[in-house]
Amino acid sequence: MAPKLLSPLFPWLILLTLLLLFIYSSLLPFHTPSPPSPQPKKIPTLPSCNLFNGHWVQDPNRRPMYDETCPFHRNAWNCLRNKRDNMGTINSWKWVPQDCVLHRIDPVRFMGLMRNRNIGFVGDSLNENFLVSFLCILRVADLGAKKWKRKGAWRGAYFPKFNVTVGYHRAVLLAKYEWKSKQPARGDEDGVKGIHRVDVDIPADDWANIADFYDVLVFNTGHWWSSDKFPKETPLTFYRAGKPILPPLDILDGFKVVLENMVSYIRNKLPQKTLKLWRLQSPRHFYGGEWNQNGSCLFNKPLEEQQLDLWFDPSNNGPNKEERLLNHLIEDTLQRTDIQLLNLTYLSEFRADAHPAIWLGQKDAVAIWGQDCMHWCLPGVPDTWVDILTELIRIGLQIG
């Protein structure tokens, strides 16, 4: 009897088994742990804080990384050799950005990062001042560094241990300019002795052909754009496409047109992979008059924050008003470009105490040129510029 009872139940058992398997398989995805999602690729980002905004504090243990024996010094800025007063105090001040830490450069580590790469500075003597500080600091990592002057460079250094070249190309207006004497037949009724012709759309020869050599470039211009450099007897006259721009431009309008054309050249002619930075103005600290009017900077400590507008606000029409005015034009021109601002102006405005002043290393220099309240003592403030620049280079190369 048992076989006859099992026979009609067997198909139902099979169906019941299949049904249970179906239900189990349909529920299975809800109980199976999903595979771990891939970790997103970490992308380097700019510092979360503003390295350019902060304050100076004294650190009695702070010491310069180089001394007066650095072979890349320029005599007028070598304030240790020239026995400038208070050099210990000048170099005891440390820049502290708001809400973050600015580490001092580690020359060996930085040069390891830069191995087989080149860094260029293009501009006026304040970029040369910057370069000298940079070279003396980098030499800590390679005492075999050699002076270098190629590719149209005014000066520079080659670091054989890392195969790194750092050069400076002097181009005070960035655009090409040349002196044109006045023709004798035209007379001298207007007092003009000649003109400085500025071709706003042509870069100066000193840096026109460096596009493929440098991996990092730091530009500046501004300190020559003033009437004391180009008075009405020897003015700047602006040309475009080989012809005078009409009506003639005044010096500030000419500055803006040159900026626009040089920025366009940089964007179109330099490789996209080149890290490009533009250093904003370095403030002057002439007190009581211009450089040729007995202006002085014999200060023993940095300025207070509440003093800065009095010194530098253009509305006060003081001898140091140009830097903020020119900075505004530069920042406006560089908007929406891949050129990164190196805004060292604010931190430098405090440091009226850190210029060569009367310690210029040459007899009668002050009687001839006046005090130097524009360039910086070395070692000094530009060493902090180097700390900031190298941090931005490190980040920029990581982002690529």
| request: Fit a plane to each ring of His73 and Tyr66, take the angle between them on a 0 to 90° scale, and name the class: parallel (under 30°), tilted (30 to 60°) or perpendicular (over 60°). | output: tilted
| task | Answer yes or no: does atom CG of Asn209 have more than 12 heavy-atom neighbours from other residues, nucleotides or ligands under 6.0 Å? | result | no
| request: Tell me, yes or no, whether the heavy-atom count around Arg109 atom CZ, taken from other residues, nucleotides or ligands under 6.0 Å, exceeds 12. | output: no
| said: What I want to find out is whether Lys276 reaches Asp338 closely enough, with some N-O distance under 4.0 Å, to be called a salt bridge. | reply: yes
| Cut-off 3.5 Å, side chains only: do Asn118 and Asp215 have a donor facing an acceptor? | no
| task | Would you check if there is a donor-acceptor pair between the side chains of Trp224 and Ser226 at a distance under 3.5 Å? | result | no
| query | Taking the six-membered ring for Trp, are the ring centroids of Trp95 and Trp56 within less than 6.0 Å of each other? | reply | yes
| said: Run the side-chain hydrogen bond (donor to acceptor under 3.5 Å, both in side chains) test on Asn116 and Asn163 for me, step by step, so that the C-alpha distance in whole Å, both residues' side-chain angles and the decisive distance to 0.1 Å come before the verdict. | reply: CA-CA 5 Å; Asn116 301 322; Asn163 190 31; 3.0 Å; yes
| Residue pair Asn129 / Ser125, side-chain donor-acceptor N/O under 3.5 Å | no
| query | Is the Phe299-Trp311 ring centre distance short of 6.0 angstrom? | reply | yes
| Salt-bridge contact Asp309-Arg324 (side-chain N to carboxylate O under 4.0 Å) | yes
| message | Does atom NZ (Lys321) have a neighbourhood of more than 12 heavy atoms from anything else shown, all under 6.0 Å? | response | yes
| field | Within-4.5 Å side-chain heavy-atom neighbours: Tyr287 and Cys297 | value | no
| said: Is a donor from one side chain sitting under 3.5 angstrom from an acceptor on the other, for Thr333 and Glu260? | reply: no
| said: Surrounding NE2 of His55 (heavy atoms of other residues, nucleotides or ligands, distance under 6.0 Å), is the total greater than 12? | reply: yes
| Atom pair CG/CD1 of Leu378 and Ile137 - distance to nearest 0.5 Å | 9.0 Å
| said: Quick check: closest heavy atoms across Gly194 and Pro235, and the distance to 0.1 Å? | reply: O-CD, 3.3 Å
| request: Grab the two heavy atoms, one from Met111 and one from Phe162, that are nearest each other, plus how far apart they are. | output: O-CD2, 3.4 Å
| query | Is there side-chain contact between Tyr177 and Ile202, with heavy atoms separated by less than 4.5 Å? | reply | no
| task | Kindly confirm or rule out a cation-pi arrangement of Arg197 over Tyr239, judged by NZ or CZ under 6.0 Å from the six-membered ring centre and within 45° of its axis? | result | yes
| said: What I want to find out is whether Glu290 reaches Arg284 closely enough, with some N-O distance under 4.0 Å, to be called a salt bridge. | reply: yes
| Carboxylate-amine/guanidinium proximity below 4.0 Å for Asp106 and Arg104 | no
| query | What about His355 and His375, are their ring centers closer than 6.0 Å? | reply | no
| task | Assess the side chains of Asn53 and Gln98: does a donor N or O sit below 3.5 Å from an acceptor N or O? | result | yes
| message | Taking the basic N atoms (NZ, or NE/NH1/NH2) and the acidic carboxylate oxygens, is any pair closer than 4.0 Å for Arg81 and Asp67? | response | no
| task | First locate atom CG of Asn127, then atom CG of Leu342, and finally report the distance between them rounded to the nearest 0.5 Å. | result | 9.0 Å
| query | Between Trp376 and Ser282, does any side-chain donor sit less than 3.5 Å from a side-chain acceptor? | reply | yes
| said: Quick one about Asn86 and Asp353 (side-chain donor to acceptor, distance below 3.5 Å, no hydrogens or angles considered), yes or no? | reply: no
| Parallel, tilted or perpendicular: ring planes of Trp179 versus His196, cut at 30 and 60 degrees | tilted
| said: For the residue pair Ser92 / Gln58, report whether a side-chain donor-acceptor contact shorter than 3.5 Å exists. | reply: yes
| message | Other residues, nucleotides and ligands only: do more than 12 of their heavy atoms fall within 6.0 Å of OH on Tyr265? | response | yes
| task | Decide side-chain contact (heavy atoms from CB on, under 4.5 Å) for Phe52 and Leu341; before the verdict, give the C-alpha distance in whole Å, the side-chain angles of both, and the deciding distance to 0.1 Å. | result | CA-CA 10 Å; Phe52 311 126; Leu341 284 175; 5.8 Å; no
| message | If you count every heavy atom of other residues, nucleotides or ligands that lies below 6.0 Å from Glu178 atom CD, does the total exceed 12? | response | yes
| message | Looking at Arg351 and Glu349, is any side-chain nitrogen of the basic one under 4.0 Å from a carboxylate oxygen of the acidic one? | response | no
| Close aromatic pair by centroid cut-off 6.0 Å: Phe130 and Trp77 | no
| request: Take atom NZ of Lys256 as the centre, draw a 6.0 Å sphere, and report whether it contains more than 12 heavy atoms from other residues, nucleotides or ligands. | output: yes
| field | Salt-bridge present (Arg62, Asp387; N to O < 4.0 Å) | value | yes
| message | I'd like to check Val216 versus Met114 (side-chain heavy atoms, cut-off strictly below 4.5 Å). Are they in contact? | response | yes
| message | Taking ring-ring contact (aromatic ring centres under 6.0 Å, His included) as the criterion, tell me which of Tyr214, Phe121, Trp207 meets it with His169. | response | Tyr214
